[in-house]
Amino acid sequence: MAGEARGLSLRQFKAILHKDIVMELRTKEMITSMGLYALLTMVIYQVALSQSGTAFDPRNIAAGLLWLAFVFTSMLGLNRSLVHEKDQGCLEALLLSPVDRPVIFFAKAIGNLIFLLIVQVLTIPVFAFLFLQQGSYAGEWWMIPLALLAGAIGISGVGTLLATMSVNTKGKDFVLTVLFVPLMYPLLLAAVSATSAAVLGGDGSVQQFWTGMGMMAGFDAIMLLASFALYEFIVGA
Amino acid sequence: MTEPATIDAAVEVRDLTRTFGARKALDRVTFDLPTGAFLSIFGPNGAGKTTLVKVLTTLTAPSKGTAKVSGFDVVADAVELRSRIGLISHNPLLYPDLSAEENLVFFADMYGVPDAATRVRELLVAVELDHRRLDLVRTFSRGMLQRLSIARALLHRPKVLFLDEPYSGLDPHAVEILDHLIEQIRADHTFVMISHDLVKGLALCSHALILAKGKVVLSAPREELDEAEFAETYRATVGLGVA
Amino acid sequence: MNRNILVLSMLVLGGVLTTVGFIMAFFFTPPVLGPAVTNEVGRILGYQPLFSQKIFYFHVPVALSSFLVFFFTAFYGVRFLMTKEKQYDTRAKIATEVTLMFVILTMATGILWTRFEWGRWWVWEPRLTTYFIMTLLVIAYFVLRNSIEDEERRATYAAVFGIIAFIDAPISFAITRIIPSSVHPVVLRSGGGLTGSQLAAFLIGLFGMLMIAYAIFHTRMREELVHDRLEAVKAALEG
Amino acid sequence: MDPVLEEIYALVVPSLPYVAGAYAILWIALVAYIGMAYSRVGRLEKEIAVLEESLERRGISA
């Protein structure tokens, strides 16, 4: 009985994830909008840094700029991923099926994580190409993907919960931004610190990196647990 | 998964109350519906029709009282209950960017339907959409959507079907198709329908229920109803307005 | 009626205690010595009493009270999710409202102190940053409430967000201290705990502030209850 | 001026506006908030009394 239920949960989890990926591959809505948004952010950065002078080394703020781009693109994507479910009342159809609510949460969160990682992978080379050419990359290369992954996990986990709330409100994307940014503040601070250590290298950078990673891991663990526990209430309301 | 010993009533509602603060969406609603019956629920906007169906489909928990569908309690046996009911709404509840077949396969997975591919094909043939199974749902007409959404609701062979104003926004042709499909599956299912349309709702039903301000104003089998009197009661409740 | 008298006496007592704490702070507690005179290299040459430190005696009680009241937002949020009773939503809402009030006051007093001590209106110092984030979280709570029509959904979402925000606040408190940041100035403070009379003044102020918080909470609660009664009477009149 | 006094004033006076300002903001805000809440309660109760009266006149009990 328990095994049977677990088998069904796994089948449902795969079905939701598969459906999201198929729909995305077909419409390419999220990837193109998020990717374009990231590119446009680069243009804004160019404008912002245009008066900073030749002595200014963009590497010093590279980590911050990268995470800024990720935060805004991810909010765009999160909003999209839940609007799909809401549009034709499909979320209701999901809730009517014999599915455990956490299965929906994990499937949606993993889907969002995948899309966010894809956008990160696409954005980083472009960012490096546009802004980081004059200085050589000083840190350890494996640090970057680790920091990006830890940050993306937190964003997609809590973000899925918040986006499920915000699609049911009057000012969808605005409400998501207002809820998302302050809640994510600790994660972003740690993510920027770790990524910065990876980009800049130097004395103590390894320690700074692991401190940031530890903080992110802690945030991810606590917040994912809370989101997981509270999702049932949100989705049922 | 064992069936309960006795299934006399498909739907069994006792003193069902749903409150939030001072507002009462449902107020001691009590009624029974025998297996195989067709219940039409009438009532003005805000009378509690939608809340009643939400409670019966386990989407909302009751504040007080009990409700059983197909012998399963809406709170204690929610998961078992869900696999025995289907919903046809005025919303198609389908993903526009998936094909007809992908939609059905997806929901078959959600319900854990065994041998999903065969079942999906069988239903597509039954609703005469087999030739369009690879087309995106986005390209479908209202009538086709309605047919597909009936196929979706029937995937897991539910015992009780809930209809949430399925006729709203349909053109006459689509209404005909829907009538025909309901006629076809009428024999093996119990129906609970929310209706705004007095004539249509009364024509289809075997039992009628009028809700107003969350209370049952009238609940009776079709044959015991005097049509003129019924229409009068209905009109009077509409005058009561929103609860 | 009893409750009203209790609330009123708490309010009066809170007012008296905070005033006593205030008077003690200014007239009886010894001043805190801070590094004052520095030479060009930044070495401290002498210490002088810091009058500005007196802000501490009402800044910290308000800050601590705000966090305690915020706890009740989460607490009543949990209660609401368990029971689905509207009264807990109302309580959570009022607790958050009082939190907003106290957090803003904490920020305001903090900013004035920063302005005098460091000569700047705003410094991204961990304590201020945390409170800034907390203010945003509390504002977000009300933005969320205002953007939902359905009463029950509003209550559920607000409860969930209140709980998450309450979990988030200590995390940002910890992270701003642990993550090395190049922005905020290194602050030299003469460490050590509070002396006896300093502690007494501080504690009296703190208890007074908590009583005021209690009184505000219940006054607002009473307002909500009267409001609900009013709606009920109106509904009855309209039949 | 007395040099001792001068030293004392030099300590107190520059920070006085900030300390006084902080304290004033705190108290004005709290008193205003409480006062507003109380006055709203009073107004609501008056409104209720009016309504309850008219209920009685109509012979319905709330």
When the 4.5 angstrom heavy-atom criterion is applied to C/T135 and chain A, the contacting part is neither

**Asked** Would you say the side chain of A/L161 lies within less than 4.5 Å of the side chain of C/V160, judging by non-hydrogen atoms?
**Response** yes

Which of A/L179, A/T177, A/V178 passes side-chain contact (heavy atoms from CB on, under 4.5 Å) with C/V143? It is A/V178

Here the gap from C/T176 atom OG1 to A/M215 atom CE, rounded to the nearest 0.5 Å, amounts to 10.5 Å

Those residues of residues 224-234 of chain A that come under 4.5 Å of chain C on a heavy-atom basis, listed by number, are A/A226, A/S227, A/L230, A/F233, A/I234

Turns out that what part of A/I222 lies under 4.5 Å from chain C's heavy atoms comes down to side chain

Atom CD of A/Q207 with >12 non-hydrogen neighbours under 6.0 angstrom:
no

Checklist entry - Are any of the side-chain heavy atoms of C/L136 and A/Y185 separated by less than 4.5 Å? => result no

Cut-off 4.5 Å, heavy atoms of chain A, and the answer for C/N146 is backbone

**Report entry** Whether over 12 other heavy atoms sit under 6.0 Å from C/F142 CZ
**Finding:** yes

Separation between CE (A/M165) and OG (C/S147), nearest 0.5 Å, reads 10.5 Å

dist A/S193:OG -> C/I175:CD1 (nearest 0.5 Å) comes out at 10.0 Å

The interface call for A/T164 against chain C, heavy-atom contacts under 4.5 Å, is backbone

Assert top hit (heavy-atom pairs under 4.5 Å, partner chain A, pool C/D150, C/T156, C/I164) equals C/I164

- Query: Do A/N168 and C/Y157 have side-chain N/O donor and acceptor atoms under 3.5 Å apart?
  - Reply: yes

Between the CG atom in A/L189 and the CD1 atom in C/I171, the distance rounded to the nearest 0.5 Å is 12.5 Å

Residues C/D168 and A/L183: closest non-hydrogen pair is OD1-O, 2.8 Å

Between the CZ atom in C/R145 and the OG1 atom in A/T169, the distance rounded to the nearest 0.5 Å is 14.0 Å

